Amino acid sequence: MERLVIEGGHRLEGTVQICGAKNAALPLIAASLLSDRPVTLTNVPELADIRSMLTLMEHYGVAVKGPSHAVMTLDAGAAVNKEAPYDMVRRMRASVLVLGPLLARFGHARVSQPGGCAIGARPVDLHLKALAALGATVSLDGGTIDARAPDGGLTGGRIVFGSPSVGATETALVAAVFARGETEILNAARDPEVCDLAACLVAMGAAIEGAGTHRILVRGVTGLKPARHEIIPDRIEAGTYAMAAAITGGHLELTGARLEHLGAVGAVLEAADVQLWPTDRGLMVSGTGRPRGTDITTEPYPGFPTDLQAQFMALMAIADGASMIRETVFENRFMHVPELSRLGANVTLQGTSALVRGVPRLKGAQVMATDLRASVSLVLAGLVAEGETIVNRVYHLDRGYEALDRKLVRCGARIRREAAP
Ligand code: EPZ
């Protein structure tokens with residue numbers, strides 16, 4: 001196990017290159033199973049979760065070349081249909097995204113039902129509802145999802161989601177690619193990562209309109225072609241570094257970042273007295289001393305993303321004034337609170353809300369990472385806490401942030417990565 005040892009109190013100044021989006025890359029890699037022609041992805045991030053998904057692709061016989069210099073080619077021409085085993089799905093829930101392409105291409109899919117995770121139960125009922133709406137017979141067989149298409153294959157239909165689920169929208173999109181006739185997806189998630197998946201599927205020859213709106217139309221096609229697609233930049237990584245600049249009162253240029261992908265985050269940071277403006281290379285973010293206490297509610301895109309809630313709480317921990325943080329997307333996403341409190345944050349939990357009373361300074365301590373975004377909020381707090389902060393279990397970080405400590409050190413942070421004793 002490794003840990004990060006952070007010496008607080010250093011302003012960040014410099015440039016950070018934002019990588020390709022983890023949550024765009026994962027569904028894109030899974031979708032390669034749809035096609036018997038090669039798909040080349042560029043701007044691929046170097047992350048543990050990406051390596052896990054590529055291991056799963058190799059389990060199906062997908063030929064993987066790279067990633068090298070962020071370029072990778074996936075050829076599922078010789079892929080065979082197999083069950084996605086529990087130990088793989090358990091390690092990374094996004095493995096469930098192979099359900100749609102396997103069913104669409106082979107007419108049958110068996111995927112171990114992903115359990116919950118630290119942040120919530122994470123059910124997949126909406127994924128299964130989408131497949132059933134296209135004519136699949138879906139059942140649970142001793143912890144394994146079994147989805148079977150009729151003999152003639154899936155047929156287009158209307159899928160109406162009760163809530164805009166990112167993953168379920170991605171499952172519906174991919175499963176509908178070969179479905180005969182037209183599929184209408186209503187109350188679809190509008191996230192940039194959903195749009196990126198649709199753009200890649202269209203490059204592969206799919207017929208999709210309306211991605212990025214609540215209503216997506218898919219017309220079934222009979223085959224796909226080779227394609228090349230550049231993955232969009234990671235808006236959550238960009239938002240994380242924006243908050244790193246803000247919390248240290250520093251000044252960072254985030255190359256590759258797109259303000260329009262940050263949705264409500266831009267407005268919230270401006271309300272908190274953080275300056276940000278687009279440049280021809282990406283986004284400039286400047287902290288202006290203590291941020292102002294600002295309330296947020298996490299919501300589906302383009303609302304404030306749940307994946308930046310923990311990072312924002314770290315920023316508000318040292319704000320001038322109080323802030324109310326409401327988490328409406330996941331039911332258990334406040335595990336960073338007791339750890340931030342160990343650093344001196346003043347946070348009171350009330351159900352799905354957290355009242356954060358800003359304090360003038362935090363003090364370094366040993367803290368424990370529990371999930372990807374909670375762990376990075378502890379790093380942000382450590383950047384500004386007096387003295388030394390030790391963040392344990394940094395494998396959580398490596399799942400979703402490429403070279404986080406190296407990028408921060410290059411901008412003036414004092415961080416060393418070491419084996420935990
Ligand atoms: C994606 O997860 C992201 N993961 C998550 O990022 C992100 O937090 C989440 O979207 C919300 O933006 C990937 O893209 C790989 P959802 P996903 O389906 O698709 C409920 C990170 O840190 N729901 O939009 O699983 C669900 O329980 C990760 O990078 C159902 O009830 O999220 C949650 O309350 C964490 N039934 C809400 O919908 C379903 O069938 C939103 O979930 C599916 C979801």
Side-chain angles (χ1 to χ4, degrees), residues 26-41 53 56-57 60-63 74-84 95-111 124 126-139 145-161 165-186 188-189 194-211 215-229:
L26 292 173
L28 285 167
I29 293 169
S32 69
L33 279 169
L34 256 186
S35 176
D36 57 2
R37 311 307 303 277
V39 179
T40 296
L41 298 175
M53 187 59 97
L56 183 56
M57 290 301 105
Y60 287 103
V62 175
L74 301 157
D75 187 342
V80 291
N81 194 4
K82 285 180 179 175
E83 178 161 338
S95 310
V96 76
L97 292 170
V98 300
L99 196 54
L102 289 174
L103 179 67
R105 181 169 174 195
F106 297 111
H108 183 211
R110 283 178 63 81
V111 176
V124 290
L126 299 177
H127 296 246
L128 307 187
K129 171 180 176 167
L131 301 182
L134 301 179
T137 304
V138 183
S139 61
I145 299 165
D146 188 289
R148 197 179 289 274
D151 291 345
L154 297 175
T155 47
R158 176 172 298 116
I159 301 166
V160 187
F161 287 127
S165 153
V166 173
T169 301
E170 291 164 346
T171 289
L173 260 183
V174 174
V177 165
F178 296 138
R180 271 193 322 283
E182 187 166 85
T183 295
E184 183 183 33
I185 306 170
L186 293 176
V194 171
C195 297
D196 207 38
L197 174 63
C200 183
L201 290 170
V202 167
M204 290 161 70
I208 299 171
E209 289 164 31
R215 180 172 180 266
I216 301 177
L217 287 178
V218 185
R219 269 192 319 285
V221 297
T222 52
L224 297 174
K225 58 188 179 185
R228 184 181 179 88
H229 175 79

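Keep in mind that this is a model prediction, so the values were computed, not measured.
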Exercise. Give the C-alpha distance, both sets of side-chain angles, the deciding distance and a yes or no for side chain to side chain contact (heavy atoms under 4.5 Å, CB included) between Met57 and Val98.
Key: CA-CA 9 Å; Met57 290 301 105; Val98 300; 3.7 Å; yes

Quiz item: Does Asn81 offer a backbone N or O that forms a donor-acceptor pair with the side chain of Tyr60 under 3.5 Å?
Solution: no

Quiz item: Could you state the interatomic distance from CZ (Arg180) to OG1 (Thr222), rounded to the nearest 0.5 Å?
Solution: 12.0 Å

Residues 146-160 side chain polar contacts: donor-acceptor under 3.5 Å, at least two apart:
residue, atom, partner, partner atom, Å
Asp146, OD1, His108, NE2, 3.3
Asp146, OD2, His108, NE2, 3.1
Asp146, OD2, Arg110, NH1, 2.8
Arg148, NH2, His108, NE2, 3.3
Arg158, NE, Glu184, OE1, 2.6
Arg158, NH2, Glu184, OE1, 3.3

Show which side-chain atoms of residues 100-107 pair as donor or acceptor with protein atoms under 3.5 Å away, not counting sequence neighbours.
residue, atom, partner, partner atom, Å
Arg105, NH1, Leu33, O, 2.9
Arg105, NH1, Ser35, O, 3.3
Arg105, NH1, Ala76, O, 2.9
Arg105, NH2, Ala76, O, 3.0
Arg105, NH2, Gly77, O, 3.4

Quiz item: Got Thr40 and His229 here, is their nearest side-chain heavy-atom distance under 4.5 Å?
Solution: no

Quiz item: To the nearest 0.5 Å, how far apart are CZ in Arg215 and CD1 in Ile185?
Solution: 11.0 Å

Practice problem: Show your working on side chain to side chain contact (heavy atoms under 4.5 Å, CB included) between Leu186 and Phe161 and close with a plain yes or no. | Solution: CA-CA 6 Å; Leu186 293 176; Phe161 287 127; over 6 Å; no

Quiz prompt | Residues in side-chain contact (heavy atoms from CB on, under 4.5 Å) contact with Lys225, at least two apart in sequence or another chain | solution = none

Self-check item: Taking every non-hydrogen atom, the tightest pair across Asp75 and Arg37
Solution: OD1-C, 4.4 Å

Distance-only donor-acceptor hits, side chain of residues 166-177, under 3.5 Å, sequence neighbours excluded:
residue, atom, partner, partner atom, Å
Thr169, OG1, Ser165, O, 2.6
Thr169, OG1, Ala189, N, 3.0
Thr171, OG1, His127, ND1, 2.8
Thr171, OG1, Gly167, O, 3.3

Using distance only, find each side-chain donor-acceptor pair of residues 199-210 under 3.5 Å and give its atom names and separation, not counting sequence neighbours.
residue, atom, partner, partner atom, Å
Glu209, OE2, Arg219, NH1, 3.3

Self-check item: Heavy-atom closest pair, residues Ile145 and Val138
Solution: CG2-CG1, 4.2 Å

